[in-house]
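Take a look at the structure below.
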Amino acid sequence: GIGQKIQIGSLIPSFKLPKNFKRIEVPPQVLYDPKFSAFFSPDSFFAGTFLRHGKRVGFLRIPSYSASSIGAIGTTIRYYIARLQAESDYLVIDQTNNPGGMVIMSDMLLKALCGKYNPERHMHFSVKPSQGFIRQYLELRDSIAKNEDNLLSPEEVMDFVSRLDKEYEKIYKAYTEGRDLTDPISMLVLSEYSEKTFDKALFKLPWGPIFKAMLGVNIQEAQTYTKPVYFMINELDFSGGDATPAGFQDYGRGKLVGTHENGRTAGAGGTVEEFSIRSVIEMALHWTTSLMVRPGGKLVENYGVHADFSVPLTQQDIANNQANYFDRVLTRIEADMAQGGQAQK
């Protein structure tokens, strides 16, 4: 209606869900116990199931890729994915109006949908090889090499460090040659390192079996959704909101559904940092310091990620608060599945 605002990063979907929608929530006894609550970020997802034409449909809303902690988001993804895997026949992900966030959260979700990472199909980054970036990179490399928490085996430390060193050669080469950007480098090792150390720490918890009994899900193990998945995107998906559907598409995991007639994300496919200058006046400059590079060298910046098919919003949808929009999306998905659009993974 008139004056209605589009909310970026809202937990609740902008369209109306079916009347028989049943929300999946983290058990209250977990959320209110200090021992367990730190491992969950319930506001990071809105999930549930409903029946439609004899099938159990899973629904997962991702409002952003920001979270209070990496540990909390990893556990939360495992919980919801395990529940959806057990309670649905196919899954619809709504990522519309997503402002982005952390690459690690995006990677964790992608792994939960695909089962494992594929370095050849994973997103790379061309990075501005500044002294500051090189210093941060080497500090991270040294921190992993020291392994002060003793969570990794010597073989695991060697694997992570050798992979970081391989990418560092590209960074240093670009720096010494005075180039603006490096050749595409992989940052996947950082996501794998974060998840590995998190798992090792989680296994040390003495009350793991109690946790499993309370949740009905073993969050000490990776969880994967193996059934058909459809992923909703729009032109108000930025940064991580570009990267995640790009990875989903490049892995060949499922189909992207556009909610805009152009059927694409915003195309904010880079990292922007702010630099302050204080002199006679105070100024803030925003500088692009990396660009996302898809397999084959395709950029995300300015191009976005294009949907496999679109179900555009209409003026009538806006007027009636999108009361019937999701039904049209589901009808189009059902038609694609009937044509053999997705087989079970």
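Bear in mind the structure is a predicted one, so any value in this text is a computation, not a measurement. Residue numbers start at 1 and run along the sequence shown.
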key: Side-chain ion pair, E192 and K196, N-O less than 4.0 Å   =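 Between K196 and E192 there is no salt bridge, as every charged N stays at least 4.0 Å from the carboxylate O atoms.
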key: Electrostatic pair D89-K55, nearest N-O below 4.0 angstrom   =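 A salt bridge is absent here (no side-chain N lies under 4.0 Å from a carboxylate O).
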What distance separates [X] [atom1] from [Y] [atom2], expressed to the nearest 0.5 Å?
{"X": "L138", "Y": "F133", "atom1": "CG", "atom2": "CZ", "result": "9.5 Å"}
{"X": "D183", "Y": "K170", "atom1": "CG", "atom2": "NZ", "result": "7.0 Å"}
{"X": "I73", "Y": "F39", "atom1": "CD1", "atom2": "CZ", "result": "14.0 Å"}
{"X": "T49", "Y": "R23", "atom1": "OG1", "atom2": "CZ", "result": "12.5 Å"}
{"X": "R163", "Y": "L188", "atom1": "CZ", "atom2": "CG", "result": "6.0 Å"}
{"X": "R253", "Y": "I93", "atom1": "CZ", "atom2": "CD1", "result": "8.5 Å"}

Closer than 3.5 angstrom, by distance alone: can the side chain of [X] be matched with the main-chain N or O of [Y] as a donor-acceptor pair?
{"X": "K200", "Y": "L151", "result": "yes"}
{"X": "Y117", "Y": "V189", "result": "no"}
{"X": "R78", "Y": "Q223", "result": "no"}
{"X": "Y325", "Y": "L313", "result": "no"}
{"X": "E148", "Y": "S143", "result": "no"}
{"X": "D237", "Y": "N234", "result": "yes"}
{"X": "N97", "Y": "L236", "result": "no"}
{"X": "T259", "Y": "P312", "result": "no"}
{"X": "Y172", "Y": "P129", "result": "no"}
{"X": "N20", "Y": "K22", "result": "no"}

query = How are the rings of F309 and Y230 set relative to one another: parallel (under 30°), tilted (30 to 60°) or perpendicular (over 60°)?
reply =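 Rings of F309 and Y230: tilted, 30 to 60°.
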Give me the atom names and distance for the closest heavy-atom approach of [X] to [Y].
{"X": "F45", "Y": "T76", "value": "CD1-CG2, 3.7 Å"}
{"X": "G254", "Y": "D308", "value": "O-OD2, 4.1 Å"}
{"X": "L110", "Y": "F248", "value": "CD1-N, 3.6 Å"}
{"X": "P245", "Y": "I233", "value": "CB-CG2, 3.8 Å"}
{"X": "G304", "Y": "D242", "value": "CA-OD1, 4.0 Å"}
{"X": "S239", "Y": "G100", "value": "CB-CA, 4.3 Å"}

For residues [X] and [Y], is any side-chain donor paired with an opposing acceptor at under 3.5 Å?
{"X": "S106", "Y": "T244", "answer": "yes"}
{"X": "E261", "Y": "S310", "answer": "no"}
{"X": "Y175", "Y": "Q131", "answer": "yes"}
{"X": "Y225", "Y": "S88", "answer": "yes"}
{"X": "D317", "Y": "T314", "answer": "yes"}

key: Residue of the set R121, R294, K298 for which side-chain hydrogen bond (donor to acceptor under 3.5 Å, both in side chains) holds with D250   =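 Passing option: R294.
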inquiry  = Whether R141 engages the ring of Y168 as a cation-pi pair (distance to the six-membered ring centre under 6.0 angstrom, angle to the ring normal within 45°) should be assessed.
reply    =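 Negative - R141 is either too far from the ring of Y168 or too far off its axis.
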request  = Could you list the residues that satisfy ring-ring contact (aromatic ring centres under 6.0 Å, His included) with F46, not counting sequence neighbours?
outcome  =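 In terms of ring-ring contact (aromatic ring centres under 6.0 Å, His included), with neighbours along the sequence ignored, F46 is linked to F21.
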ask   = In terms of heavy-atom contacts, does CD of Q315 have more than 12 from other residues, nucleotides or ligands at under 6.0 Å?
value =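 No - once you tally the heavy atoms of other residues, nucleotides and ligands closer than 6.0 Å, there are 12 at most.
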ask   = Heavy atoms, side chains only, cut-off 4.5 Å: are L215 and P27 in contact?
value =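 Yes; the side chains approach each other to less than 4.5 Å.
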query = Only one of V257, D327, V311 forms a side chain to side chain contact (heavy atoms under 4.5 Å, CB included) with R332, so which one is it?
reply =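 For R332, the side chain to side chain contact (heavy atoms under 4.5 Å, CB included) check succeeds only for V311.
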key: By side chain to side chain donor-acceptor pair (under 3.5 Å) - contacts of S44 (at least two apart)   =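 In terms of side chain to side chain donor-acceptor pair (under 3.5 Å), with neighbours along the sequence ignored, S44 is linked to S41.
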inquiry  = Checking S14 against R61 for the side chain to side chain donor-acceptor pair (under 3.5 Å) test, could you report, in this order, the C-alpha distance in whole Å, the side-chain angles of both residues, the deciding distance, and whether it holds?
reply    = CA-CA 10 Å; S14 59; R61 163 94 182 131; over 6 Å; no
ask   = Are L11 and F326 connected, step by step, through hydrophobic side chains (Ile, Leu, Val, Met, Phe, Trp, Tyr) whose heavy atoms are closer than 4.5 Å?
value =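 Yes.
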